[in-house]
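Take a look at the structure set out below.
Heads up: numbering here begins at 1 and tracks the sequence.
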Amino acid sequence: MARLAGKVACVTGSTDGIGFAIARRLAREGARVVISSRKQENVEKAVDELKKEKFDIYGTVCHVSKSDDRKRLLDETIKKYGKLDILVSNAGISPTVGSILETTESAWDKIFDINVKSAFFLIQEAIPYLEAQKNSSIIIISSITGYTPFDPIGAYSVSKTALLGLTKALVNPCIERGIRINAIAPGIIKTKFSRLLWNNDNSVKESEDVSFSGCPIGRVGTPDECANVVAFLASDDASYITGETIVVAGGMTSHL
């Protein structure tokens with residue numbers, strides 16, 4: 001398929017896990033993709049891997065909590081490809097594990113700085129580029145924990161609930177500028193980031209399915225299953241969808 005042919009996409013936190021799968025899927029659909037993360041070596045590794053598949057990929061370091069890094073990410077996207085059609089805000093952290101009542105002020109600030117504040121300001125800063133294009137799109141990566149908080153990552157869960165609200169709050173300001181904005185809420189996905197939630201057995205191979213009794217489908221999801229939905233939302237197939245969060249969680253409960 002080439003639903004995104006001619007489009008330029010920028011994906012944060014995209015050198016591993018769900019972000020990397022999103023970058024790959026958008027590229028497979030014909031987009032030119034800018035990937036980013038905090039570490040240069042991770043960027044280089046991801047770019048090399050995607051270029052082996054003959055995709056048009058560019059990578060740069062971006063710590064989304066740093067305004068200068070966000071500006072450079074957008075500036076380099078425009079310098080390299082001349083425009084921006086699709087923004088995927090994926091970067092996120094969960095630096096602590098434990099009861100939400102045990103969360104320190106510094107940990108709380110860090111979680112909300114990366115997961116919520118940085119997402120908003122990146123979107124705000126990208127708006128002038130996105131509104132210059134026709135049928136542009138923003139996709140925010142939230143989480144099933146935004147609907148049903150997980151006790152070991154309570155503060156992270158609250159930050160993901162905030163992203164559900166951010167998606168709704170930005171609908172009218174974005175649509176006035178010709179931009180659609182949506183989100184996805186992944187469930188338990190087989191990534192390094194979420195390993196503590198699904199398996200502590202380091203012998204499990206990346207290609208193996210992992211059973212999971214916490215959802216009706218009975219298994220852990222894959223990054224590609226999230227990327228499929230993002231590609232749909234970024235395409236003209238979703239031209240009448242904005243302000244929505246699509247849950248990609250195997251049937252897990254998703255009501256606030």
For the hydrophobic clusters of this structure (ILVMFWY residues joined by side-chain heavy atoms under 4.5 Å, transitively), does one cluster hold both [X] and [Y]?
| X | Y | result |
| --- | --- | --- |
| Leu87 | Ile22 | no |
| Ile140 | Ile127 | yes |
| Leu74 | Ile86 | no |
| Ile114 | Leu163 | no |
| Leu26 | Leu84 | no |

Answer yes or no: is there an ion pair linking [X] with [Y], defined by an N-O contact shorter than 4.0 Å?
| X | Y | value |
| --- | --- | --- |
| Arg28 | Glu53 | yes |
| Lys71 | Glu125 | no |
| Glu76 | Arg72 | yes |
| Glu41 | Lys45 | no |

Search all heavy atoms of [X] against all heavy atoms of [Y] and return the closest pair with its distance.
| X | Y | value |
| --- | --- | --- |
| Ala234 | Ser137 | CA-OG, 3.9 Å |
| Lys160 | Ser142 | O-OG, 2.8 Å |
| Gly98 | Glu102 | CA-OE1, 3.9 Å |
| Asn115 | Gly92 | OD1-CA, 3.1 Å |
| Val33 | Tyr81 | O-OH, 4.3 Å |
| Thr167 | Ala183 | OG1-CB, 3.5 Å |

Quick one: does [X]'s side chain have a donor or acceptor within less than 3.5 Å of a partner on [Y]'s backbone?
| X | Y | answer |
| --- | --- | --- |
| Asp69 | His63 | yes |
| Thr161 | Ser157 | yes |
| Thr191 | Gly17 | no |
| Ser159 | Ile111 | no |
| Asn90 | Gly13 | yes |
| Asn182 | Leu233 | no |
| Ser118 | Asp113 | yes |
| Thr145 | Thr148 | no |
| Arg177 | Glu131 | no |
| Ser14 | Val11 | yes |

No-hydrogen, no-angle side-chain donor-acceptor test under 3.5 Å, Glu225 and Thr222:
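There is such a pair between these side chains.
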Check the pair Tyr129, Val8 against side chain to side chain contact (heavy atoms under 4.5 Å, CB included), reporting the backbone distance first and the verdict last.
CA-CA 11 Å; Tyr129 304 110; Val8 173; over 6 Å; no
Could you walk me through whether Val230 and Arg25 satisfy the side chain to side chain contact (heavy atoms under 4.5 Å, CB included) test, starting with their C-alpha distance in whole Å, then the side-chain angles of each, then the deciding distance to 0.1 Å, before giving a yes or no?
CA-CA 9 Å; Val230 172; Arg25 179 57 191 264; over 6 Å; no
Can you find a heavy atom in the side chain of [X] that is under 4.5 Å from one in the side chain of [Y]?
| X | Y | value |
| --- | --- | --- |
| Val88 | Thr12 | no |
| Asp237 | Arg3 | yes |
| Cys226 | Ile189 | yes |
| Lys51 | Val47 | yes |
| Cys174 | Ile138 | yes |
| Ile144 | Phe150 | yes |
| Phe121 | Arg70 | yes |
| Arg32 | Phe55 | no |

Partners passing ring pair (Phe, Tyr, Trp, His ring centres under 6.0 Å) against Phe120 (at least two apart in sequence or in another chain):
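If we apply the ring pair (Phe, Tyr, Trp, His ring centres under 6.0 Å) test to Phe120, skipping adjacent residues, there are no hits.
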So, taking the atom named [atom1] in [X] and the one named [atom2] in [Y], what distance separates them when rounded to the nearest 0.5 Å?
| X | Y | atom1 | atom2 | value |
| --- | --- | --- | --- | --- |
| Ser65 | Arg38 | OG | CZ | 8.5 Å |
| Ser136 | Arg180 | OG | CZ | 8.5 Å |
| Ser143 | Ile184 | OG | CD1 | 10.0 Å |
| Tyr58 | Cys10 | OH | SG | 11.0 Å |
| Thr15 | Lys39 | OG1 | NZ | 9.5 Å |
| Ile93 | Ile153 | CD1 | CD1 | 12.5 Å |

For a quick test of your reading: what N or O donor-acceptor pairs under 3.5 Å do the side chains of residues 238-256 make, sequence neighbours left out?
from	atom 1	to	atom 2	distance (Å)
Ser239	OG	Asp236	O	3.2
Thr242	OG1	Ile181	N	3.0
Thr242	OG1	Ile181	O	3.3

Worked check of side chain to side chain contact (heavy atoms under 4.5 Å, CB included) between Leu170 and Leu166:
CA-CA 6 Å; Leu170 287 172; Leu166 181 62; 3.7 Å; yes
Side chain to side chain contact (heavy atoms under 4.5 Å, CB included) for Gln133 and Lys7? Distances and angles first, verdict last.
CA-CA 10 Å; Gln133 303 306 314; Lys7 301 281 190 178; over 6 Å; no
